[in-house]
Amino acid sequence: MSEICSREAVPVAIGQLTLYCESFKAAANTVLYEQPTVTGGTVITNSCAKATKLTLAGRIYCGDGDLAVLTEINNMNGSSGYTVEYRGVSFPDCTVVGYSAEDRGDDMLYVTLTLATEDEAEDAEVSV
């Protein structure tokens, strides 16, 4: 049987942590402000771009099974200023919105981090 996808987890640095990212999702939306017209139509009077939400799921190495890394993740919740680089795209000034972590009894902690950034994504500088 042939493999359809053989991509390995991508290491992503978030503050002092390295998350071996197996899943990445980015989502953004814009809120439109509408006003009715005298003829019964609608006019868009303004728009507001919301922060881009990034969801990264993967593993963080815990070494000897010590879950002290969980304390570090918890202290990141609500803090900002993290730059996240994922597969050639850089998301600057990210804020940690939330997380979930699961210990499955091995040397890894399985983590899903949700971050938000108001800044535009840009190409990451690749060093050779």
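A quick note: this is a predicted structure, and the numbers were derived from the prediction, not measured.
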* Is Q16 atom CD crowded by more than 12 heavy atoms from other residues, nucleotides or ligands, each under 6.0 Å away? -> no

* What pairs meet the side chain to side chain donor-acceptor pair (under 3.5 Å) rule with one or both residues in residues 25-37, with sequence neighbours excluded? -> T37-T39

* salt bridge (charged side-chain N to carboxylate O under 4.0 Å, His left out) contacts in which one or both residues fall within residues 37-50, not counting sequence neighbours -> none

* Are the side chains of N46 and V31 in touch, meaning some heavy atoms are under 4.5 Å apart? -> no

* Does the side chain of Y99 pick up a donor-acceptor pair with the side chain of N74 at under 3.5 Å? -> yes

* Derivation of the side chain to side chain contact (heavy atoms under 4.5 Å, CB included) call for V97 and L113 -> CA-CA 8 Å; V97 177; L113 277 172; over 6 Å; no

* Structure fact -> Here the salt bridge (charged side-chain N to carboxylate O under 4.0 Å, His left out) pairs for residues 9-23, sequence neighbours left out, are E22-R59

* Asked: Is V10 close to Y20 at the side-chain level, that is, under 4.5 Å between some pair of heavy atoms?
  -> no

* So with a 6.0 Å cut-off around CD of E118, is the heavy-atom count from everything else above 12? -> no

* To do: Taking all non-hydrogen atoms of both residues into account, name the closest pair between V12 and E85 and its distance.
  => CG1-O, 3.8 Å

* Structure fact -> Taken to the nearest 0.5 Å, the spacing of L70 CG from C62 SG works out to 8.5 Å

* Mutual orientation of the aromatic rings belonging to F24 and Y86 [parallel < 30°, tilted 30-60°, perpendicular > 60°] -> parallel

* Decide yes or no for T83 and S90: does some side-chain heavy atom of the first lie under 4.5 Å from some side-chain heavy atom of the second? => yes

* Asked: So which heavy atom on M108 is nearest to which on Y61, and how close?
  -> SD-CA, 3.6 Å

* Contact summary for L32 and S47, nearest pair of heavy atoms -> CD2-CB, 3.7 Å

* Asked: Going by heavy atoms in the side chains, are V69 and L109 under 4.5 Å from each other?
  -> yes

* Please examine the side chains of T112 and T55, heavy atoms only from C-beta on, and report whether any two atoms are closer than 4.5 Å. => yes

* Taking T117 for the side chain and P92 for the main chain, is one N or O donor matched with an acceptor at less than 3.5 Å? -> yes

* **Trace of the side chain to side chain contact (heavy atoms under 4.5 Å, CB included) decision for S100 with V111** => CA-CA 6 Å; S100 67; V111 175; over 6 Å; no

* Considering the options N77, T71, I73, which one meets the side-chain contact (heavy atoms from CB on, under 4.5 Å) requirement together with N75? -> T71

* To do: Working to the nearest 0.5 Å, report the span between CD1 of I14 and CG of L115.
  => 5.5 Å

* SG on C94 to CE on M76, rounded to 0.5 Å -> 10.0 Å

* Structure fact -> The reported gap from OG in S80 to CG in D93 (rounded to nearest 0.5 angstrom) is 5.5 Å

